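Note that the structure is a prediction, hence the values are computed from the model and not measured.
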Amino acid sequence: TSTEYYKNAEELDKPLDVAIAIGVEPSLILASTVWLPFGDKISFAGSLRGKPVELVTARKVDLKVPAHAMIILEGKILPKVRQTEGPFGESTGYYITSNNPVIKVELIAHQENPVYAVFEPWSKDDEGAVTVSIGAEILKSMKATFPSVQDLRLVALGTTVIFSMKQRNHNEARSVLFWILSGNHYIKKAVAVDDDVDIYNLEEVEWALSSRFQAARDIIIMNELPGSPIDPSVGDYNITSKLGMDATKPLDQKDRYEKIKVPEKSMKKARLILKRYL
């Protein structure tokens, strides 16, 4: 990852070539948010768009950069230099100030009449990019470990996850809750529901919490876990507490929790009546 590249260069007390692309196509934006510890994000963006991303050689640094970016900043990350950055608005809806490495910019290249494109933090654009890319990756990992998981949704800019599942054994939902809360720094709350609950309808999720959930029995609280560095409520060293909520129905009481629905025969009849008068 970029962090490892910088760490290795800093140990050698050498500056690291860097190029920052501003104003890029959607595939590159999505790729930038995906967790690829050993992958090539440019290649990943190419797979999203169905053809390779066009690259050109940078002018001042030994790197390839997106050919159609609006603006390219070229320079070097200086070793063992830190300066205070911010306060800047972050995805959590708060201003964050931190000590970060410093880039010495050596060249600015840009298109004719460039558009400076940004995401407004704590916005639908911000949330969309994060939840689409990160959510897909988390769901893939969850399904690999727990095949009973059916679907997943990230809300609150990725800090809360709601997932549906077909439980195969007693307390399986709790196992998934422990797994997701302990394995992801940014997820702070997780809700488990059955597959008859539409996780994209928050009213149905609340319905499950109001009728299949008992706080004394179904809440999981996990303490002293790594948290998000942009969460202002975390303690020293980004240590946080996390909350899990099991709103699944007991396996031995499925009939008691059968969801009300209009019979298909009645629905078909209603459609015919509506068609006749409308």
- Message: Between S43 and D40, is the side chain to side chain donor-acceptor pair (under 3.5 Å) condition met? List the steps.
- Response: CA-CA 5 Å; S43 296; D40 178 351; 3.0 Å; yes
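- In this model, no donor atom of one side chain and acceptor atom of the other lie less than 3.5 Å apart for K189 and T159.
- Side-chain polar atoms of S148 and E172 form a donor-acceptor pair below 3.5 angstrom.
- A side chain to side chain donor-acceptor pair (under 3.5 Å) with D194 is found for exactly one of R212, Q150, K166, namely R212.
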- Message: Could you go through N100 and S98, starting from their C-alpha distance and side-chain angles, then the distance that decides it, and tell me whether this counts as side chain to side chain donor-acceptor pair (under 3.5 Å)?
- Response: CA-CA 6 Å; N100 288 326; S98 58; 3.0 Å; yes
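- E90 and Y94 form no side-chain donor-acceptor contact under 3.5 Å, judged by distance and modelled atom types alone.
- Ion pairing between E25 and R49 holds under the 4.0 Å rule for side-chain N and carboxylate O.
- Between the side chains of R217 and Q214, no donor N or O sits under 3.5 Å from an acceptor N or O.
- A donor atom on one side chain and an acceptor atom on the other are found under 3.5 Å apart for D231 and S233.
- Counting only N and O atoms by type, the side chains of Y200 and D151 include a donor and acceptor under 3.5 Å apart.
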- Task: Assess whether side chain to side chain donor-acceptor pair (under 3.5 Å) is satisfied between N223 and S241, documenting all intermediate values.
- Result: CA-CA 4 Å; N223 297 315; S241 296; 2.7 Å; yes
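- With salt bridges taken as basic N to acidic carboxylate O contacts below 4.0 Å, one links E264 and R271.
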